[in-house]
2 protein chains.
Amino acid sequence: MIKRITLKEIALELNVSISTVSKSLKDSHEIGIETREKIKAFAKAHNYKPNNIALSLKNRKTKTIGVIIPEIVHHFFSIVINSIEKISSENGYNVIIAVSNESFEKEVLNMETLANAHIDGIIMSIAKETLKNQDFHHIRETIDMGIPVVLFDRVISDLKCDKVIVNDKQASKEATQTLIDDNRKNILLLTSEDYVNVGNLRTEGYLEALKDNNIVPDSDLIIKVKDKKSSQAEMSFLEDELEKILKSKKIDAILGVNEIYAGSALKVLKKNNIIVPDEISIISFTDGVISRYSSPSLSTVSQHGEIMGERATKLLIDKLTGKTDISEFKTEIIKCSLIKRESS
Amino acid sequence: MIKRITLKEIALELNVSISTVSKSLKDSHEIGIETREKIKAFAKAHNYKPNNIALSLKNRKTKTIGVIIPEIVHHFFSIVINSIEKISSENGYNVIIAVSNESFEKEVLNMETLANAHIDGIIMSIAKETLKNQDFHHIRETIDMGIPVVLFDRVISDLKCDKVIVNDKQASKEATQTLIDDNRKNILLLTSEDYVNVGNLRTEGYLEALKDNNIVPDSDLIIKVKDKKSSQAEMSFLEDELEKILKSKKIDAILGVNEIYAGSALKVLKKNNIIVPDEISIISFTDGVISRYSSPSLSTVSQHGEIMGERATKLLIDKLTGKTDISEFKTEIIKCSLIKRESS
DNA sequence: TTTGTTAGCTATAACGTTATAGTATACTAT
DNA sequence: ATAGTATACTATAACGTTATAGCTAACAAA
């Protein structure tokens with residue numbers, strides 16, 4: 001067990017005061033050049049590294065960013081985390097990860113844990129249950145404690161913090177329009193429950209596109225996937241619903257608000273020997289690995305998770321370093337882009 | 001900005017000493033019951049929370065675990081992280097994530113950063129480049145500093161630390177045997193370069209199975225996917241190689257050491273109108289989202305990332321809490337299991 | 001009365017830093 | 001010779017805790 005050398009030990013060894021050592025290592029001109037060099041050499045030889053915990057205590061800064069996300073095993077979120085970690089480490093920040101598992105209670109706990117860990121700021125995407133409860137007191141309290149928060153993707157507009165979102169509604173509208181332009185009029189929408197604001201926005205975009213083209217929306221053509229204990233259960237719900245609809249309605253296109261929905265739909269279509277995209281074409285959100293490796297590969301709306309993570313982290317670091325005013329909040333909107341593949 | 005109340009402030013407010021406050025909150029019998037209760041009530045009313053940074057400085061423990069992984073955007077690793085985070089938070093530990101991006105240099109840097117963050121221990125999976133370089137000085141140094149390390153999946157046997165691995169060789173042998181039992185004799189292996197020990201073990205298992213069945217291995221039927229700048233580039237390398245082999249050799253099965261390889265292979269087969277599993281059947285490692293959503297869905301060898309993460313974290317926490325001896329090292333072997341789907 | 005004991009509290013040092021203020025010595029200016 | 005000032009260092013407090021040792025008053029025992 002190699003113990004790290006401290007200023008005190010260096011001071012003792014070289015018969016100078018701790019102050020002298022500290023100042024020398026900071027190259028202060030208060031200390032004579034000879035002493036300074038001697039101390040620096042000694043410190044280097046003994047691989048001196050300042051104790052960051054002590055510095056944190058003194059400076060009230062930990063150089064650590066807390067991240068709260070609903071899930072890790074999820075293509076979009078893992079891309080965002082990857083990006084957050086990259087930008088953070090480039091700027092000398094550590095990243096503590098906390099997962100809410102879409103649970104309100106866990107999210108509240110996460111915030112407390114992170115605050116207790118004295119992270120300098122938080123980047124988060126809100127859990128489904130929290131959106132459902134419409135209870136954001138934990139976020140408000142954190143902000144009130146003076147901890148800067150940046151929200152991404154799943155965002156609440158009236159919170160006093162920076163936000164990074166995607167032009168969901170517009171992108172959904174455009175994707176739907178693309179389908180319509182391809183002469184598909186009976187478009188099935190696979191979306192999440194209403195309180196998930198992202199899904200909601202995408203639903204709105206879908207409806208607007210229909211309206212713009214004088215297509216009367218058919219509520220039977222909107223499947224709202226119910227939240228279940230497991231995504232497995234959610235998928236079998238979706239599959240059952242879809243099977244039913246295929247029997248009763250004529251549809252020629254599917255818009256999925258994420259690639260798991262779309263991927264599951266694709267499986268059902270194949271099982272029913274429906275050819276994609278000839279008979280039914282598909283566009284989905286989330287440009288992940290399912291879209292790329294399914295066959296036919298899925299056309300997707302990419303939310304550019306990498307850019308989201310980068311922007312969110314930069315916004316936060318700008319706050320932390322005083323580059324931007326603490327009481328001034330930005331909302332950055334990332335433009336989605338449609339990646340055309342075989343399914344449309 | 002709400003500042004947290006400190007012991008000092010409570011002491012001042014109630015006209016007692018800091019010691020009295022500290023002891024009262026710890027319910028010490030040195031302090032009279034009345035004073036004690038008064039102080040506890042006051043602390044609760046003012047939402048006193050001990051400053052963990054100060055405690056870390058004093059106790060030389062941060063209750064934080066560092067995790068170094070080659071990638072986050074990767075089904076297996078994200079499952080492991082998820083599991084590490086879960087067990088850690090259940091035990092009151094925070095998790096700092098660092099990504100090596102398969103780079104040796106970045107991994108060395110990561111270790112230093114984590115050591116400077118004074119994490120209590122490290123859980124890691126070694127980067128490809130590190131395996132290639134065969135340079136593990138950074139891991140050795142960390143261990144010598146008294147920081148317990150737990151390696152998972154990509155492991156080096158002669159390091160003095162706990163390890164969690166999978167019975168790769170055996171599982172690969174069994175998967176190959178399954179293919180042979182299905183009367184497939186011309187099995188193509190998609191594997192990684194030799195220095196990736198996991199891939200190597202799987203190759204060995206494949207070869208052993210062939211030998212057991214008196215099949216002479218054909219080196220043309222082993223594609224070693226070269227490391228490239230991007231996984232995109234690696235995949236097009238794989239696809240080109242596979243196309244070539246399809247033209248020159250008769251093959252009736254494919255074993256992939258991960259699902260990206262297998263998924264890419266599936267795409268190539270489809271492009272060539274080869275029916276899976278009738279003409280060629282496929283088994284792959286990594287039970288991820290590609291395997292489940294591709295069609296036909298892929299039979300996979302699951303490495304049980306969830307269990308790996310759990311075991312690794314428990315091993316580490318047992319060390320940290322003194323439950324197990326610091327100088328005693330365990331290697332846990334997780335049994336893979338074959339998940340049969342449509343591709344075989 | 002003197003000594004001992006106990007209850008209930010306080011003072012201090014320490015964890016490892018840094019910033020502020022302070023001191024001793026030598027040199028310069030008048 | 002005296003005051004002023006620059007040089008090169010040191011002492012101290014502070015960040016928020018806790019553990020150890022120390023102190024005081026009250027009471028009991030001899």
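By convention in this document, chain letters (A, B, ...) are assigned in the order of the sequence lines, proteins followed by strands, and residues within each chain are numbered from 1.
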Any residue meeting ring-ring contact (aromatic ring centres under 6.0 Å, His included) with A:Tyr195, in chain and number order, not counting sequence neighbours: none
A:Phe77: ring-ring contact (aromatic ring centres under 6.0 Å, His included) partners, not counting sequence neighbours: A:His74
Residues B:Glu107 and B:Thr130: side-chain donor-acceptor under 3.5 angstrom: yes
Difference in axis direction between the ends of the helix from C:dT1-D:dA30 to C:dT30-D:dA1, five pairs, 10°: 80°
Annotated protein contacts, base or backbone, on nucleotides 14-21 of chain D with a non-hydrogen cut-off under 4.0 Å, one of B, S, - each: BBBBBBBB
Pairwise ring pair (Phe, Tyr, Trp, His ring centres under 6.0 Å) hits with a residue in residues 117-150 of chain A, at least two apart: A:Phe104-A:His138
Pairs flagged by side chain to side chain donor-acceptor pair (under 3.5 Å) wherever residues 50-65 of chain B is involved - sequence neighbours left out: B:Thr62-B:Asp120
Quick one: side-chain hydrogen bond (donor to acceptor under 3.5 Å, both in side chains) partners of [X], sequence neighbours excluded?
X        : value
B:Asn94  : none
B:Lys23  : B:Glu30
A:Ser103 : none

Atom-pair distance (CD1 on A:Ile31; C1' on C:dG22), nearest Å: 14 Å
Nearest-Å distance for atom pair CG/C1', residues A:Leu14 and D:dT10: 15 Å
Touch class at under 4.0 angstrom, heavy-atom based, for A:Thr35 against every strand present: sugar-phosphate
